There are 2 protein chains.
Amino acid sequence: MVNIKDVAARANVSVGTVSRVLAKNETVGKELRELVEATIRELNFRPSGVARGLRRSRTDMIGLVIPDITNPFFAELAKHVEASASQAGFSVLLSITNDDPKIELSQIETLLRSYPTGLIVVPTQFGAPAKWQSDIATVAVDRRLKNYPLISVDHYAGAGLAAQHLLQLGHRRIAYIAGPNESPVSRERRKGFLDTLIAAGIQPEVVEGHFDYQSGEVLGKHLLSSPEDVRPTAIATASDQQAIGLMRAASDLDLKVPDNLSIIGFDDIPLANLITPRLTTISQPVEQIAARAVAFVIGENAAGTNAGLLDATLVIRNSTAAPR
Amino acid sequence: MVNIKDVAARANVSVGTVSRVLAKNETVGKELRELVEATIRELNFRPSGVARGLRRSRTDMIGLVIPDITNPFFAELAKHVEASASQAGFSVLLSITNDDPKIELSQIETLLRSYPTGLIVVPTQFGAPAKWQSDIATVAVDRRLKNYPLISVDHYAGAGLAAQHLLQLGHRRIAYIAGPNESPVSRERRKGFLDTLIAAGIQPEVVEGHFDYQSGEVLGKHLLSSPEDVRPTAIATASDQQAIGLMRAASDLDLKVPDNLSIIGFDDIPLANLITPRLTTISQPVEQIAARAVAFVIGENAAGTNAGLLDATLVIRNSTAAPR
DNA sequence: GTGAAAGCGCTAACAA
DNA sequence: TTGTTAGCGCTTTCAC
């Protein structure tokens with residue numbers, strides 16, 4: 001492989017000069033700069049990020065640690081993190097924890113060996129606080145992690161939006177399919193939903209499961225099995241995946257959505273807009289979350305782009321309507 | 001940060017010995033080895049992968065280059081690649097090309113700066129052959145890339161399986177929703193499907209679009225708009241996403257699946273098993289593909305685990321039935 | 001504005 | 001079996 005020395009020799013300059021050109025250092029004279037640039041192209045010189053990283057004790061990489069890349073929300077997050085990162089000249093090291101704290105720990109230990117500039121992590125939902133530590137810039141996304149700054153949608157307020165929407169449509173028999181109670185995110189969404197409803201004098205039935213399709217279907221069947229006069233006219237879920245599972249349950253029971261049942265989800269995954277009927281849901285600003293997380297860890301967090309809670313928005317589509 | 005020298009000093013051994021312990025080199029005496037291991041733990045020593053990489057001209061990373069992480073098939077692939085890689089002690093550098101050859105080129109150039117041990121790439125579908133080059137182990141997945149070994153399902157035979165299934169159910173008026181004709185994968189699937197049908201004396205109607213939900217829906221509406229006596233009783237698609245879009249089209253036209261229309265997809269994405277009705281489809285051995293790709297680039301390709309075409313399997317679920 | 005040179009933390013070749 | 005040491009390819013002082 002051709003290295004910086006080859007380039008220097010070929011261009012009859014010192015390696016220092018080549019390095020300065022690489023760094024877009026302004027102090028290099030115009031002629032020399034152009035000569036060096038030409039030589040770089042001519043020799044097809046590809047600077048070693050590894051040597052650079054060793055010297056600077058920091059590579060142009062950011063570690064992204066997520067529980068599950070097949071979850072559409074995290075896939076979306078990864079997509080935008082990668083886009084922001086590569087925009088800024090950084091590579092992303094992907095690590096998948098499967099929501100297992102043990103794996104999270106060892107994965108992060110491995111990541112740290114590469115001297116990344118920063119770490120963006122969606123922590124595992126359960127279990128003890130992670131016990132790794134390092135002094136590199138770290139930000140938590142979606143879920144709280146120790147004292148690291150958190151970038152996330154406002155789950156509480158977002159769920160409140162969903163409740164309000166159902167209320168405004170005139171629903172009174174409302175049920176809620178929650179996520180696991182051990183998950184803080186799940187608790188916040190649930191509380192946001194319930195608080196709003198209770199403030200309106202309504203006490204919804206709440207069932208609890210996982211965030212996945214399966215849970216939505218199973219719990220949905222349960223909720224919808226009651227006699228028509230007590231059966232909920234609207235069900236909100238803690239995730240779009242649950243909502244989609246719920247739709248399936250409704251269809252199995254010959255219930256028309258939204259005629260016989262209104263459904264509202266949470267997350268606004270791409271699929272939400274593709275199923276029939278299109279799902280009314282609470283949208284997370286994923287792209288913004290990703291951009292902020294990246295900006296934060298690479299130190300570009302200008303004032304105003306700090307960590308913090310971002311607003312969710314209500315996206316009204318075809319799965320909700322007034323009760324009949 | 002504590003380094004190998006600190007460990008050596010603390011344990012009163014040479015750095016060479018520490019390095020050998022790190023490398024699990026058997027030639028280190030038991031006592032010394034244990035002493036060093038204890039010291040490593042005591043000092044919380046985390047060896048620098050960067051220094052190691054520089055010295056060896058190769059890091060314990062593999063680059064994964066895919067068009068779109070939000071595509072369920074690629075997400076699944078990424079998941080298993082990450083699992084296999086971290087199993088073997090490798091990190092994965094994720095790169096997303098958005099199916100843009102320009103981006104692919106620059107992303108790969110960036111990846112190469114990190115001296116990865118290997119590259120697993122799902123090349124962009126269209127455009128000229130990529131013009132980057134390097135001497136590190138590279139394998140193409142799903143789609144052909146120059147002369148690199150290809151690991152992929154047998155698209156042609158897989159599509160043939162779908163055709164056979166429809167034939168066996170008794171369908172005669174069959175249509176096919178293909179992927180873009182510029183995509184070799186798309187062409188193989190289409191040819192596999194058509195060849196089988198034509199051999200049975202049937203000439204299906206073929207429409208062409210993209211691999212996404214949208215295309216399935218739009219093209220499906222078109223196919224299903226013909227009068228009932230000429231309308232296809234079964235439609236196969238080049239992807240599950242198209243099949244799901246097609247289901248939506250059918251539902252909009254009040255056609256029951258599989259009573260009035262049989263649908264068979266391709267890929268077996270997780271969602272295929274969750275929608276209503278569950279989708280009959282051709283399953284790709286994604287996990288196996290990922291494992292082989294990783295084994296190949298890290299040089300563990302023992303005889304028998306070579307690159308090559310893997311078998312697709314027919315997964316019969318509820319979206320196909322005999323015509324009425 | 002440019003060159004010279006030290007050194008980042010490891011590995012591997014060689015010596016003992 | 002263990003120690004010593006050169007050097008991987010860069011960046012960054014320090015001179016000039």
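As the structure is a computational prediction, the values presented were derived from the model and not from experiment. Residue numbering restarts at 1 for every chain, and letters A, B, ... go by the order of the sequence lines.
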Roughly how bent is the helix from C/dG1-D/dC16 to C/dA16-D/dT1 end to end, in steps of 10 degrees, with each end axis from five pairs? 40°
Do the side chains of A/E34 and A/K30 get close enough for a salt bridge, i.e. N-O under 4.0 angstrom? yes
Any side-chain heavy-atom pair from A/I120 and A/V297 closer than 4.5 angstrom? yes
Do the charged groups of B/R52 and B/D60 touch, with an N to O distance under 4.0 Å? yes
Of the non-hydrogen atoms in A/V92 and A/L64, which two are nearest, and what is the gap between them? CG2-CB, 4.1 Å
Whether each nucleotide of nucleotides 6-12 of chain D has a protein heavy atom under 4.0 Å at its base (B), only at its sugar-phosphate (S) or at neither (-) is summarised, 5' to 3', as BBBBBBB
A/E34 CD to C/dG1 C1', in whole Å, measures 15 Å
Using whole Å, what does the distance between atom C1' of nucleotide C/dG9 and atom CG of B/D6 come to? 10 Å
Do A/T97 and A/E104 have side-chain atoms, one donor and one acceptor, less than 3.5 Å apart? no
Provide, to the nearest angstrom, the distance between the NZ atom belonging to A/K24 and the C1' atom belonging to C/dG1. 19 Å
Can you find a side-chain donor-acceptor pair between A/Q87 and A/E82 that sits under 3.5 Å? no
Above 12 or not: heavy atoms from other molecules or residues under 6.0 Å from NE2 of B/H80? yes
Can you measure A/L112 atom CG to C/dG9 atom P for me and round it to whole angstrom units? 16 Å
Would you indicate whether the side-chain heavy atoms of B/M61 and A/L93 approach each other to under 4.5 Å? yes
